[in-house]
*Asks:* 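Sharing a structure below in C-alpha cells format, with a few things to ask.
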Amino acid sequence: MAIITVPRGTVDLLPSDMSIWKRMEKTAEEVCRLYNYGEIRTPMFEATDLFQRGVGETTDIVQKEMYTFTDRGNRSLTLRPEGTAPVVRSYVENKMYGDPNQPVKLYYCGPMFRYERPQAGRQRQFTQFGVEAIGSDDPHIDAEVISLALEFYKRLGLKQLKLVINSLGDLDSRKKHREALIRHFSPAIGEFCEDCQNRLERNPLRILDCKVDREHPLIQSAPSILDYLNESSKAFFHAVKEALDDMGITYEVDPTLVRGLDYYHHTTFEIMGADFGAITTLCGGGRYNGLVEEFGGPRVSGIGFGLSFERVILAMKAEGLEVSGSRTLDCFFAPIGEKARAVATKLLYACRKAGISADMDYMDRKVKAQFKQADRLGARFVAVLGDDEIARHVLSIKDMETGEQVDVEEDQIIDYLKTKLED
RNA sequence: GCGGUUGUGGCGAAGUGGUCUAACGCACCGGAUUGUGGAUCCGGCAUUCGUGGGUUCGAAACCCAUCAACCGCCCCA
C-alpha cells in the first residue's frame with residue numbers, strides 16, 4: 001500500500017526546520033518596521049484575470065505556470081504566482097491612493113504557487129517576502145527598496161551578495177530598443193536556436209542572455225538598451241545609481257538584465273547569492289508603471305521586489321551558515337512510580353504556569369531512559385521524584401550541565417528553577 | 001514541456017540472477033549499572049528490497065510500464 005505523499009514540488013516544514021523560518025520572518029518584519037513598510041495580507045487566490053492582465057499574457061507565468069481552477073460558482077481563480085499584482089489590486093480596491101501618507105509602502109510574506117518542474121531552489125509552492133512602494137516617482141525610493149532587500153540578507157549573515165541593476169527605460173525607450181533588436185537579429189535569426197527564434201517577436205531582449213547562442217557575434221554587437229534610453233529615462237537611471245552610491249551600495253550594471261514580467265519599466269534589479277546549483281538569483285524586482293492604471297487606479301508608478309525564503313536557506317547553506325536550531329527545555333520531570341507521577345504532573349503544570357518550559361515522560365520509561373530522553377530534549381534540569389522524595393516532600397533536581405544534584409523542597413521548586421535559570 | 005540520475009529498515013548504505021529467512025554504520029529499545037544522561041561492552045530491531053506486470057527452476061538484482069525524488073534545460077523567486 002503506497003502512502004500518500006506531499007504534492008509534487010511542495011514540502012513539509014517540520015519542527016526542526018522552523019527556527020530558521022522564524023528568523024527570516026522576524027528579520028523581514030524588523031527591517032520593514034525600520035524602513036516604515038506596513039504589512040499587507042492578500043488572499044492566496046485571485047481572479048485569474050488579475051494575473052493575465054497584471055503579469056502579462058506573453059509571460060511564462062501566465063502561459064504555462066499558473067494553478068488555475070474553476071470554483072462552484074464557475075469563476076476562474078488562480079493561486080497567486082507572485083505578489084505584486086495582488087498588492088496593486090488591493091491598493092486600488094482600498095483606494096490607498098487617497099491615503100494622505102504617500103508613497104504607500106507595503107510588505108508581504110507568504111506562499112506563492114507556480115506549476116514548474118521542481119529542482120534546487122525551485123518549488124511549486126514557495127515562500128516570498130516582498131515589498132511594494134507605490135505612488136512616488138522619486139529615484140530615491142528605488143534605492144531604498146534595493147537597500148531594504150540587501151539589509152534583510154545582511155542581517156541573516158549572507159555576505160556573498162551581488163547586486164545587478166539595469167534600466168529598461170520608459171515605454172518610449174523600450175519600444176525603440178525592441179524595434180532595433182528585431183532589426184538587428186531578423187536577417188540572421190535562422191542561425192539561432194529554436195528558443196531564440198520564438199523570442200524574436202515575443203521578447204527579443206531574451207535573446208541576449210540565451211545560453212545556447214552566447215558566442216554568436218550578433219549578440220556581442222546587439223544594440224544596448226542603455227543606448228536607447230531617452231533623456232528623462234537616462235536621468236532617472238543616473239539618479240538611482242547616484243542614490244546607491246551615496247548609500248555605499250556597490251552594484252554592477254548589466255544591460256542584458258531582463259526580468260520575466262511584462263510590467264517593468266525603468267529600474268530593474270536582481271540580487272545574486274552564493275552558488276547552490278543552477279540558480280543563484282535570490283531576489284528580483286523593479287519599477288512598474290501602468291500597472292495601477294491597468295486595475296482602475298490613478299496614473300502612479302511603483303517599485304518593489306520579491307525574494308524567496310527557500311533560496312535564502314540554500315544561499316546560507318552554501319555560505320556555510322548555520323540554519324538549524326535546537327529546541328531546549330528548562331526542566332524534565334522523571335517520576336518513578338504511579339504516586340510520583342501524580343505529584344510530578346501537578347508540579348509540571350505549576351512550572352508551565354510560572355513560565356518555565358517543562359515536560360515529563362509519557363512512555364513509562366525506566367529512570368535511566370528518562371535521563372536519556374531529558375538529555376535528547378536538551379533539558380537543563382531533571383527533577384527526579386520517587387518514593388523517597390515523596391516521603392520527604394522534596395524533589396531531587398539535577399543540573400544537566402554541571403551534573404550537580406540537590407534536594408529541593410516541593411514548594412520551593414519554582415523559585416529554585418527560576419533563580420538558577422536566570423544565571 | 002524536454003533530458004539525466006536514483007528509488008533497499010526511522011536515516012545513511014552494501015548487495016547487480018542461486019543458503020539474502022538482506023551486510024555494515026547511525027538512531028532507537030533492553031541489559032551490564034534492580035533510582036540517574038552525554039563514554040564502553042553485550043543483545044534486540046526489514047518474511048523484505050518504490051508500485052504493477054513480465055522473463056526464469058529461481059529475482060532486491062534482468063525486461064517493460066508506472067509513480068516519485070533529486071539534478072539540469074526553458075524560465076524564474
Side-chain angles (χ1 to χ4, degrees), chain A residues 1-11 55 58-65 80-84 109-130 149 193-196 198-199 202-203 206 209-212 257-261 269-273 276-285 304-315 332-337 340 361 363-390 395-405:
Chain A
M1 181 198 63
I3 59 162
I4 296 174
T5 58
V6 287
R8 181 143 215 224
T10 67
V11 295
V55 180
T58 65
T59 59
D60 276 14
I61 289 182
V62 170
Q63 287 196 334
K64 53 184 196 189
E65 294 173 4
R80 59 181 186 193
E82 59 99 44
T84 301
C109 267
M112 302 293 164
F113 307 85
R114 291 184 200 172
Y115 190 90
E116 298 187 90
R117 287 288 290 266
Q119 67 178 72
R122 189 159 72 199
Q123 295 170 190
R124 290 185 173 179
Q125 176 180 333
F126 60 101
T127 312
Q128 261 193 14
F129 158 46
C193 71
E194 204 181 313
D195 286 324
C196 284
N198 293 328
R199 286 172 181 134
R202 239 181 77 199
N203 195 345
R206 289 230 162 277
D209 60 2
C210 176
K211 290 184 175 88
V212 179
L257 174 66
V258 184
R259 313 238 57 259
L261 287 60
F269 67 95
E270 270 183 28
I271 298 171
M272 327 280 244
F276 48 84
I279 295 166
T280 52
T281 301
L282 294 179
C283 170
F305 68 72
L307 67 84
S308 123
F309 279 175
E310 285 82 1
R311 289 187 184 178
V312 169
I313 294 175
L314 291 174
F332 186 83
F333 283 87
I336 303 156
D361 172 59
M363 299 301 286
D364 200 25
R365 290 183 171 94
K366 305 261 174 67
V367 179
K368 180 190 175 74
Q370 294 200 52
F371 266 87
K372 244 183 140 161
Q373 171 69 1
D375 191 46
R376 267 198 303 264
L377 292 173
R380 172 75 196 282
F381 295 99
V382 173
V384 187
L385 171 74
D387 292 341
D388 175 48
E389 285 83 0
I390 289 177
L395 283 96
S396 186
I397 307 289
K398 179 165 182 175
D399 185 329
M400 296 294 272
E401 279 172 20
T402 64
E404 90 184 295
Q405 188 161 352

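The chains referred to below are lettered A, B, ... by the order of the sequence lines, with proteins before strands, and numbering in each begins at 1. None of these values were measured; they are calculated from a predicted model.
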*Asks:* Any strand is fair game: report the nucleotide pairing with B:G1 by Watson-Crick or G-U wobble, both distances under 3.5 Å, or none.
*Replies:* B:C73

*Asks:* Which nucleotide, if any, forms a Watson-Crick or G-U wobble pair with B:G9, using both distances under 3.5 Å?
*Replies:* none

*Asks:* Under 4.0 Å between any heavy atoms, over every strand shown, what does A:Q128 touch: base, sugar-phosphate, or nothing? Just pick one.
*Replies:* sugar-phosphate

*Asks:* In whole Å, measure the gap between the P atoms of B:U19 and B:A27 for me.
*Replies:* 31 Å

*Asks:* Would you kindly compare A:L282 and A:V6 by the position of their nearest RNA chain B nucleotide and give the one closer to the 5′ end?
*Replies:* A:V6

*Asks:* What's the CD-C1' distance between A:Q123 and B:A69, to the nearest Å?
*Replies:* 13 Å

*Asks:* Between the base of B:C67 and the side chain of A:R8, is there a donor-acceptor distance below 3.5 Å?
*Replies:* no

*Asks:* Can you give the donor-acceptor pairs under 3.5 Å from side chains of residues 363-371 of chain A to other protein atoms, not counting sequence neighbours?
*Replies:*
residue	atom	partner	partner atom	Å
A:R365	NH1	A:D361	OD1	3.1
A:Q370	NE2	A:P335	O	3.0
A:Q370	NE2	A:R365	O	3.3

*Asks:* Using the C1' atom in both, what is the distance from B:A22 to B:G9, to the nearest Å?
*Replies:* 10 Å

*Asks:* In the strands shown, is B:U21 matched to any nucleotide by a Watson-Crick or G-U wobble pair with both distances under 3.5 Å, and which?
*Replies:* none

*Asks:* On a heavy-atom basis, which atom in A:R311 and which in A:T281 lie closest, and how many Å separate them?
*Replies:* NH1-O, 3.0 Å

*Asks:* What pairs of nitrogen or oxygen atoms, one from the protein and one from nucleotides 1-8 of chain B, lie under 3.5 Å apart?
*Replies:*
residue	atom	partner	partner atom	Å
B:C2	N4	A:R117	NH1	3.0
B:G3	O6	A:R117	NH2	3.1

*Asks:* Any side-chain heavy-atom pair from A:V384 and A:I336 closer than 4.5 angstrom?
*Replies:* yes

*Asks:* For the C1' atoms, the ones on B:G43 and on B:G3, what distance do you get once it is rounded to whole angstrom?
*Replies:* 50 Å

*Asks:* Provide the distance between the two C1' atoms, one in B:C29 and one in B:G37, to the nearest whole Å.
*Replies:* 16 Å

*Asks:* Expressed as a whole number of Å, how far does the P atom of B:U6 sit from that of B:C64?
*Replies:* 14 Å

*Asks:* So what's B:A32 paired with, Watson-Crick or G-U wobble, going by both distances under 3.5 Å?
*Replies:* B:U40

*Asks:* Counting only Watson-Crick or G-U wobble pairs whose two distances fall under 3.5 Å, which nucleotide matches B:A59?
*Replies:* none

*Asks:* Verify whether the ring centers belonging to A:F305 and A:F129 lie closer than 6.0 Å.
*Replies:* yes

*Asks:* Atom CE of A:M272 and atom P of B:C76: how far apart are they, to the nearest Å?
*Replies:* 12 Å

*Asks:* Against A:E116, only a single residue in A:K64, A:R124, A:R122, A:R8 fulfils salt bridge (Lys or Arg N to Asp or Glu O under 4.0 Å); can you say which?
*Replies:* A:R122

*Asks:* So what does A:G378 touch, heavy atoms closer than 4.0 Å: a base, only the sugar-phosphate, or nothing?
*Replies:* nothing

*Asks:* Could you measure between the two C1' atoms, the one in B:C73 and the one in B:A59, and give it in whole Å?
*Replies:* 37 Å

*Asks:* If I pick the C1' atom on B:A14 and the same atom on B:C74, what distance separates them, to the nearest angstrom?
*Replies:* 39 Å

*Asks:* Protein within reach of the bases, or only the backbone? For nucleotides 30-41 of chain B, mark each nucleotide 5' to 3' as B, S or -, using heavy atoms under 4.0 Å.
*Replies:* SS---BBBB---

